[in-house]
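These notes concern the structure reproduced below.
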Amino acid sequence: QVQLVESGGGSVQPEGSLKLSCEASGRIFTKCAMAWYRQAPGKEREMVSTIRSGSSTTYADSVKGRFTISQDNAKNTLYLQMTRVKSEDTAVYYCAADVRPFPWSQCNRYWGQGTQVTVSS
């Protein structure tokens with residue numbers, strides 16, 4: 001089993017910055033990819049950014065140029081640096097990890113519990 005614990009959420013003013021963290025623990029042989037998703041009230045969960053094992057990254061069009069995903073493999077921690085935030089960035093942010101628990105395993109998807117980000121003046 002893999003546990004993901006997000007932190008760093010909170011309230012921030014428009015055009016401000018916030019950094020989210022997600023620490024992974026448990027049975028992890030290798031990480032295939034890690035990602036941030038978000039879900040705003042009344043909306044479906046959407047992908048914000050993904051980082052793959054080769055460090056290639058993908059961003060939703062709505063956050064390109066404002067958010068940066070990174071990871072510290074030594075700490076098994078994923079980050080999302082959010083800058084120039086907008087009111088429409090308000091959502092619960094979820095960490096997701098595609099992890100291979102054993103050498104012979106396929107990659108399985110695990111989710112964190114989410115952290116609230118509220119952008120308001």
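Looking at S120 and T90, their side chains never come closer than 4.5 Å, going by heavy atoms from C-beta outward. Here the side chains of P101 and F29 are not in contact, with every heavy-atom distance at 4.5 Å or above. Side-chain atoms of I69 and L78, non-hydrogen and from C-beta on, do get closer than 4.5 Å to each other. R45 is listed as a side-chain neighbour of Y94, based on a closest heavy-atom distance under 4.5 Å. Side-chain atoms of T57 and I51, non-hydrogen and from C-beta on, do get closer than 4.5 Å to each other.
Nearest heavy atoms, A35 versus T50: CB-OG1, 3.6 Å. Residue R38 comes nearest to A91 through the heavy atom pair CB-CB, 3.8 Å, listed as atom of the first residue, atom of the second, then distance.
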Q: Let me see the working for V48 and M82 under side chain to side chain contact (heavy atoms under 4.5 Å, CB included), right down to the final yes or no.
A: CA-CA 11 Å; V48 175; M82 306 167 62; over 6 Å; no
Q) Between V99 and N108, does a side chain to side chain contact (heavy atoms under 4.5 Å, CB included) hold up when you go through it step by step? A) CA-CA 5 Å; V99 170; N108 300 322; 5.9 Å; no
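Between R52 atom CZ and Q71 atom CD the span is 11.5 Å, to the nearest 0.5 Å. Atoms CZ and CG, on F67 and L20 in that order, are 8.0 Å from each other to the nearest 0.5 Å. The OH atom of Y110 sits 5.5 Å away from atom CD of Q1, with the distance rounded to the nearest 0.5 Å. The structure places OH of Y59 at 12.5 Å from CH2 of W36, a figure rounded to the nearest 0.5 Å. Note that CD of Q106 and CG of D98 are 11.5 Å apart. Values are rounded to the nearest 0.5 Å. A distance of 8.0 Å separates OG1 in T68 from CG in L80, rounded to the nearest 0.5 Å.
For K86 and D89, the salt-bridge test fails: no basic side-chain N is under 4.0 Å from an acidic carboxylate O.
Panel note: side chain T83, backbone S17; no donor-acceptor pair is recorded below 3.5 Å. At distances below 3.5 Å, at least one donor-acceptor pair connects side-chain atoms of E6 with backbone N or O atoms of G114. Not a single donor-acceptor pair under 3.5 Å links the side chain of S21 to the backbone N or O of Y79. In this structure, the side chain of R100 engages the main chain of S105 through a donor-acceptor pair within 3.5 Å.
Pairs passing the disulfide bond (SG atoms under 2.5 Å apart) check and including a residue from residues 31-67, sequence neighbours excluded, read C32-C107.
For the side-chain contact (heavy atoms from CB on, under 4.5 Å) criterion with Y37, the lone passing option out of E44, M47, E46 is M47.
The side chain to side chain donor-acceptor pair (under 3.5 Å) check on N76 picks up K31, with sequence neighbours excluded. Residues that satisfy the side chain to side chain donor-acceptor pair (under 3.5 Å) test with Q116, not counting sequence neighbours, are T118.
Within 6.0 Å of atom CD in E23, 12 or fewer heavy atoms from other residues, nucleotides or ligands are found, so the atom counts as exposed in its surroundings.
Cation-pi geometry between R109 and W111 is met: under 6.0 angstrom from the ring centre, within 45 degrees of the axis.
Hydrophobic clustering (side-chain heavy atoms under 4.5 Å, transitive across Ile, Leu, Val, Met, Phe, Trp, Tyr) keeps L18 apart from V92.
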